[in-house]
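Below is one structure; the comments refer to it alone.
Treat the numbers as computed from the prediction; the structure is a model and nothing was measured. Every number for a ligand or one of its atoms is a count from 1 in the order of the listing.
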Amino acid sequence: MRNSATAFAPATVGNVGIGFDILGHTVEAIGDRVYVERSAARGVRILGITGLDVSLPLETERNTAGQALKSLVEAERLDYGFDMRIEKGIPLGSGLGGSAASAVAAVVAGNALLEKPLSKLELLKFAMQGEKVASGSVHVDNIAPSLFGGLVLTVGIDHPRTKQIPVPPGIRCVLVHPHMFLSTKEARRILSKTVELSDLVWQCANLAGFISACYTNDLDMIRDAFEDVVVEPQRQALIPGFRAVKAGAMSNGALGCSISGAGPTVFAWCEEPAAAAISKAMVAAFAANGLDCDLWVSSIETQGARVID
Ligand code: HSE
């Protein structure tokens, strides 16, 4: 049996615009790493967190990775414990699924040290307990793709079922992260609890259309369906210049452009040749609003979280 393991879990675009809380995809370029070591002392301890300018809680129950691994340890009734170190590669409060990635990397590394490792589907519910610490609610749109990889739809919370949706070949995701912090809790708090029936119909049609178009490589239908009529209109005011950023992406050939997770990162799907012009337009639009940005252009990988050492 191994005594220690390091796992990597990729960043994710939650919601993918039209699938609020149930759809997400991985971003190959960035992610978090968690090192876990078996200890004779029961329970879970966080020995350090690196990679951020600000400090995150070291108390196990207040940390997404700590809470995720603790729930695994308790459910498995282990008579030993784990010490862990977290290396953040995903900017905090960026809308790129940083809390989910840490939770996922923690349970994947811990799992590698179990006598009988669990399946990824079993690990999902423990990682979800970690995500709850960060956002105040259990949602899976970042956790599931970070764990499984690719574009992932999740149905159900108590007994979640996941499906990896095929992504048409040659699709790229442009991600522009403006240098500002946006709290997921706050971005959820401002949302209306009710939806107009006509918006529900429109949103359902768009989600169904988007997913069927992914299965059939129908880029025109992806473009037509790629519109969030419920959440984006309520959140866009939280991101200075969002409308100009989106207009810059769409006028340069994007298939769709929306807020990544709870924001402030904005993402656009496109065919590979359009990625450079779209990137330039999005970054320029944020700059015109006084915001410097990080930029990534990523394919949508299918590997998901894994043990790397
Ligand atoms: N689906 C969540 C939201 C993602 O949009 O609030 C947050 O990480």
Quiz item: Does any pair with a residue in residues 284-309 pass ring pair (Phe, Tyr, Trp, His ring centres under 6.0 Å), and if so which ones, sequence neighbours excluded?
Solution: none
Quiz item: Does Val174 reach the side chain of Leu295, with side-chain heavy atoms less than 4.5 Å apart?
Solution: yes
Self-check item: Set of residues that line ligand 1, where lining means a heavy atom lies under 4.0 Å from it
Solution: Asn15, Phe20, Asp21, His139, Asp141, Asn142, Thr184, Arg188, Arg235, Gly261, Ala262
Quiz item: Parallel under 30°, tilted from 30 to 60°, perpendicular over 60°: which one fits the rings of Phe226 and Phe210?
Solution: perpendicular
Practice problem: Flag this pair as yes if the NZ/CZ of Arg33 is under 6.0 angstrom from the six-membered ring centre of Phe8 and inside a 45 degree cone about the axis; otherwise no. | Solution: no
Quiz item: Could Glu232 and Lys246 be called an ion pair, given the rule that one side-chain N must be under 4.0 Å from one carboxylate O?
Solution: yes
Exercise. To the nearest 0.5 angstrom, please state how far the CD atom of Glu74 sits from the CD atom of Gln129.
Key: 10.0 Å
